[in-house]
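Counting begins at 1 with the first residue of the sequence.
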Amino acid sequence: MRGGGGAEQADERLGRDESVGRDAARVEAAAKKFGAAWTTDLDKVLADPAYTVFFDAAATQQRHATLMRAVEAGKHIYSEKPVATDLSK
């Protein structure tokens, strides 16, 4: 599963792959490029037990909240960027 507007190539060893984003046109275009499913419904994807890994590419100001939702949903998370902009989070 992909968070934010990130577009990476699907890896068949990981099973299903779905791009999630706020901008439907942008996430659809990125998903089509790599043959992935797409949606703007993060809650639906987080609730789906078929998705166990969450790759986050959310904007810095949204990243902490998005990652915490994924953790609370029991997902393994991967984030290349800082999780938060201040140490209190």
Nearest heavy-atom neighbours spanning P49 and K75: CA-NZ, 4.2 Å
Could you tell me if the side chain of T85 sits less than 4.5 Å from the side chain of T60, heavy atoms only? yes
Give the intermediate values and the outcome of side chain to side chain donor-acceptor pair (under 3.5 Å) for residues D86 and S88. CA-CA 6 Å; D86 73 58; S88 68; 2.4 Å; yes
Quick one: OG1 on T40 to CD on E28, what's the gap to the nearest 0.5 Å? 11.0 Å
What residues, two or more places apart in sequence or in another chain, satisfy side chain to side chain donor-acceptor pair (under 3.5 Å) together with K44? E18
Is there a path of hydrophobic side-chain contacts, each under 4.5 Å between heavy atoms of I, L, V, M, F, W or Y residues, that connects V20 with V71? yes
What heavy-atom pair brings S79 and D56 nearest, and what distance separates the two atoms? OG-OD2, 3.9 Å
Indicate the atoms forming the closest heavy-atom contact of A31 with A37, along with that distance. CB-O, 3.7 Å
Shared hydrophobic cluster, V83 / L46 (ILVMFWY, side-chain heavy atoms < 4.5 Å): yes
Do you know the tightest heavy-atom contact between L42 and R69? CD2-NH1, 3.4 Å
Quick one: does V45's side chain get under 4.5 Å of F54's, heavy atoms only? no
Among pairs that include at least one residue of residues 70-89, which meet ring pair (Phe, Tyr, Trp, His ring centres under 6.0 Å), considering only residues two or more places apart or in two chains? F55-Y78
Where P82 and R63 come nearest, the two heavy atoms and their spacing: O-NH1, 2.7 Å
